[in-house]
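No hydrogens, no waters, no symmetry mates; every other heavy atom, side chains included, goes into these values. Just so it is clear: chains get the letters A, B, ... in the order the sequence lines come, proteins before strands, and each one is counted from 1.
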Amino acid sequence: MAGQSDPHLSIFSSAEVEFLAEDEMVEIVPNISMDPLNLLCGNFGPFRPQIATEVPMWLAMALKKRGKCTIRPPEWMSVGKLTQVLEAERDSPREFQPLPFHYVEISRLLFDHAREDIPDVYMVRSLIEDIRDVRFHKVESGLETIAARTHAVKLKNLSAMEVNIVRPFFVRALQAFYKHDSPQMIHQPDTSSRRPQVADRGPRRDLRPR
Amino acid sequence: MAKYYDIDDIIMEEELFSVVFQVGANGVGLLDPSAETNNIEKGAKVELPFWLAQELHLRQAVSVTVPACFNQKTRKEIQADAPCVDLRNRCPYFYELGCKVAPLIGDRTIGSFLLYAFTGRYKEVLSKAHSAAFAVAPKFLTLLTKEETHLYEAARSSMKAFKKWRVGGPRFEKASILKKRKSAE
């Protein structure tokens, strides 16, 4: 299957993360009249022309493809808001701005299927790209601080896709450091009396102190 | 036992170690290419793969000398500039082997040496892996040990997969077998 993940690399492929993002709610303005949809995941509708309603992303995409609605871009996807976020990202080199957990995927879905519904689509697109680049650079510089005594890392406000990109590298790096830092390697191996390994070995390091 | 079928583990244990026999051994002349008889005398210096050297060492039949990749010269080089040392050439399974050798010969400095080497080289791998995602640096890659290569590849392929996803293209891919059939027609 096209979107399936490689079992050796990461737990999710990008397409799978996108699939998860399709459960996020978005506001649409239908141009058809339709009874409410009663589905396992919830009840959506009723759909009346020109009356906005909230539906999951996947339903919005399906309706949009058939030309049955227009999508109202989420609040954070405006030029003003994004410019603000970008400046804040640049000003604070050690923390991430709060953005929706699936902002990369949602923006891509909207750009693919509903370009005409987004005002200033080119501007919004390049702003989101910039934000992503700035944030990823921060992740990279954060990864540099991993050292022997790092056993856990806290990343506040990191989005799903960003976590997914660094996960394979990150897990391997932490495992390698853990292995080489284990007490048996550093200190004299105590084979005569096997004492249980101490679970907590040193302080956890915050990659991004709040 | 967990690593019984691990191919890397098996290859790693093939690494040759030079050992000195502490006892004479009969009927194992094929281990020593220079032996004239079928016996190995006490004090003979022989190269053995790690898996054999380890077992013989535990039975105190041989004494193991530290392999070249953990000697003082390599340590000095690592201290000078860790990322530039060609560890793959010396021992592709540098870290894994180090972890096994250290308890065997009871050298407690090897552990911290491994950690030091990895810390120094990790940063180089990190900066190359994500930034130079497409401009491949073949020269740099030839210096990495197996473990570092895995790390580099993990970062590079996840970055590549993300870029591919972002560019888009067809959402549904045809299975390669279907493509073939179509072109054959």
Checklist line | Polar contact flag, side-chain donor to acceptor under 3.5 angstrom, B:Glu148-B:Tyr95 | finding: yes
Notebook entry, point to check: Heavy-atom distance under 4.5 Å to chain A: side chain of B:Tyr122, backbone, both or neither?
Noted result: side chain
Notebook entry, point to check: Contact part of A:Phe111 toward chain B, heavy-atom cut-off under 4.5 Å: side chain, backbone, both or neither?
Noted result: neither
Next item on the list: Classify the side-chain pair A:Glu162/A:Tyr103 by whether it contains a donor and acceptor separated by less than 3.5 Å.
Entry: yes
Notebook entry, point to check: Within 45 degrees of the axis of the six-membered ring of A:Phe169 and under 6.0 Å from its centre: does B:Arg156 put its NZ or CZ there?
Noted result: no
Notebook entry, point to check: Which region of A:Val104, side chain (C-beta onward) or backbone (N, CA, C, O), has a non-hydrogen atom less than 4.5 Å from a non-hydrogen atom of chain B, or is it both or neither?
Noted result: both
Checklist line | Short side-chain to backbone donor-acceptor contact, A:Glu16 and A:Ser13, under 3.5 Å | finding: yes
Checklist line | Contacting region of A:Glu105 [heavy-atom separation from chain B under 4.5 Å] | finding: both
